[in-house]
Number of protein chains: 2
Amino acid sequence: MNIIDESGILAISTRLQRLSEQLRKDGALVYKSYGIDFEPKWFPVIYTLYHKDTLSVVEIANEIGYTHPSTISLLKELEKQKLIRSKKDKIDERKRLIQLTPKGQEMIEEMKPVWEVMKNALTEITNNQNNLLKAIEEAENKILHQSFLQRALQLKSEGEE
Amino acid sequence: MNIIDESGILAISTRLQRLSEQLRKDGALVYKSYGIDFEPKWFPVIYTLYHKDTLSVVEIANEIGYTHPSTISLLKELEKQKLIRSKKDKIDERKRLIQLTPKGQEMIEEMKPVWEVMKNALTEITNNQNNLLKAIEEAENKILHQSFLQRALQLKSEGEE
DNA sequence: CAAAACTACGTAGTTAAATACATAAATAAA
DNA sequence: TTTATTTATGTATTTAACTACGTAGTTTTG
């Protein structure tokens, strides 16, 4: 084992990122193997629109947990692919309402069996003695209650007493 | 809960990344709160050199699991901070051997109590019913044995029978 | 109801990683 | 011992996220 993996919890951020990147990369290849022209990074937007039908830019950003500029650049790509379209909100002229196109909806139908396969493969990988998805949820909840920074500062001040 | 978190395992890559980013960002603030001028992204390199003393660029890259160009850019920053130095290998003239400077070693001593606090805070966050670090290790092992792509392709071909 | 504050969206620039490509030194093979 | 292959390093470019900032509507307040 290398030093970083041995360092344990201190390098957890690096390892989360590495694992995420591996899965994303393979995900792209899975879509390709089905002959589907779809990038994994589009998934959060598409999946959200599939369930919520019509949303503004900021609403999508909040749903997927990205900033709005990041969301805008994803939306631009998806619009280029003609998977989504947008129109101005009649009531609030600042808002741009986003929807799937028929082509987008068709592609979702095509992707459903792929998602099923991915779900099974990911379950194989992540469902061990410690379930990765649940572990993430539990950690997210802990942070929600008190952030890493807050906890560290508290431990620091306790140590200084 | 938002749609993405509800989608479960399919969005696991996004969620790993998000969690990693949160921890990295707070990590930076923890160093700052101790008045230490250190970026979390430098940790893997510094920690590796602390344990291995002298390594070449590619050896460091392998240890920390980054590509060598990424590693080179980290090394450039660390050299600018005067935390590391490098000299040509006498035997193999292609190699650049990297070491901590005395300043780098001093900084490590300064950081040790910070790492201790971080370790405790991270343990609080990640040690739940499902231990996040162990969950990552288990998932990494699964992938090592058979990648996400390989598993997906196999499940696909089984479905086509 | 005019001014102030807030919200939605967009652009520009930054960051931290990657890939692709190039070169030079070392090693292996013909 | 040339030639071919591999290895080590470096540079340029790309990618996918971010922050900072600006503008134009909307809402709240004095």
Side-chain angles (χ1 to χ4, degrees), chain A residues 4 11 13-29 38-46 54-81 84 86-98, chain B residues 4 11 13-29 38-46 54-81 84 86-98:
Chain A
I4 288 309
S13 174
T14 303
R15 291 173 77 181
L16 287 167
Q17 199 187 329
R18 232 152 67 185
L19 187 53
S20 164
E21 183 58 17
Q22 278 182 59
L23 295 177
R24 206 195 50 72
K25 235 182 263 176
D26 271 15
L29 296 175
F38 191 80
E39 299 186 24
K41 65 174 165 167
W42 296 339
F43 175 80
V45 172
I46 290 294
T54 304
L55 290 174
S56 73
V57 174
V58 169
E59 282 165 348
I60 293 173
N62 290 336
E63 280 288 332
I64 69 179
Y66 284 1
T67 60
H68 82 270
S70 307
T71 306
I72 286 170
S73 94
L74 289 174
L75 292 174
K76 269 185 190 160
E77 293 176 35
L78 288 167
E79 211 147 12
K80 207 170 179 182
Q81 300 289 319
I84 62 160
S86 66
K87 56 174 198 282
K88 205 164 235 173
D89 187 337
K90 292 279 163 56
I91 301 148
D92 186 339
E93 293 259 302
R94 295 168 307 175
K95 282 190 186 170
R96 190 153 72 93
L97 299 178
I98 319 290
Chain B
I4 287 309
S13 176
T14 303
R15 291 174 76 182
L16 288 167
Q17 198 186 330
R18 232 150 68 185
L19 187 53
S20 165
E21 183 58 19
Q22 278 182 61
L23 296 178
R24 207 195 50 74
K25 235 181 264 174
D26 270 15
L29 296 175
F38 191 80
E39 298 184 27
K41 65 175 164 166
W42 296 339
F43 175 79
V45 172
I46 290 295
T54 305
L55 290 175
S56 74
V57 174
V58 169
E59 282 165 349
I60 293 173
N62 290 337
E63 280 288 334
I64 69 179
Y66 284 2
T67 60
H68 80 270
S70 307
T71 305
I72 287 171
S73 95
L74 289 173
L75 292 175
K76 270 185 190 159
E77 293 176 34
L78 288 167
E79 211 147 11
K80 206 171 180 180
Q81 300 289 319
I84 62 160
S86 66
K87 56 171 197 286
K88 207 163 236 175
D89 187 336
K90 291 280 162 59
I91 301 148
D92 186 339
E93 293 257 303
R94 296 168 307 176
K95 281 191 186 170
R96 191 153 73 93
L97 298 178
I98 319 290

Original post:
Is the distance from OP1 or OP2 of C:dT19 to the nearest side-chain N or O of A:K25 less than 4.0 Å?
Top reply: yes

Subject >> Partner set under side-chain hydrogen bond (donor to acceptor under 3.5 Å, both in side chains) for B:T14, not counting sequence neighbours >> reply: none

Original post:
Taking only residues two or more places apart in sequence, or in another chain, which ones meet B:E79 in a salt bridge (Lys or Arg N to Asp or Glu O under 4.0 Å)?
Top reply: B:R96

Close N/O contacts between protein and nucleotides 13-17 of chain C (under 3.5 Å):
residue, atom, partner, partner atom, Å
C:dA16, OP2, B:K41, NZ, 2.6
C:dA17, OP1, B:Y66, OH, 3.2

**OP:** For A:Q81, check side-chain contact (heavy atoms from CB on, under 4.5 Å) against everything at least two apart and list the hits.
**Re:** A:D37, A:W42, A:L83

Original post:
Looking at residues at least two apart in the chain, or sitting in another chain, which of them share a salt bridge (Lys or Arg N to Asp or Glu O under 4.0 Å) with B:D92?
Top reply: B:R94

Between the protein and nucleotides 6-8 of chain D, list the N/O to N/O atom pairs that are separated by less than 3.5 angstrom.
residue, atom, partner, partner atom, Å
D:dT7, O2, B:R94, NH1, 2.5

Subject >> Atom pair distance, as rounded to whole Å: CD1 in A:I72 and P in D:dA17 >> reply: 14 Å

Subject >> A:K41: partners by salt bridge (Lys or Arg N to Asp or Glu O under 4.0 Å), with sequence neighbours left out >> reply: A:E39, A:E77

**OP:** Report the C-alpha distance between A:I98 and A:L55 in whole Å, list the side-chain angles of each, state the deciding distance to 0.1 Å, and finish with yes or no for side-chain contact (heavy atoms from CB on, under 4.5 Å).
**Re:** CA-CA 5 Å; A:I98 319 290; A:L55 290 174; 5.6 Å; no

Subject >> Separation of C:dC21 P from B:H68 NE2 (nearest whole Å) >> reply: 14 Å

Subject >> B:P69: partners by side-chain contact (heavy atoms from CB on, under 4.5 Å), with sequence neighbours left out >> reply: B:T67

**OP:** Tell me, please, which residues at least two apart from A:T71 pass side-chain hydrogen bond (donor to acceptor under 3.5 Å, both in side chains).
**Re:** none

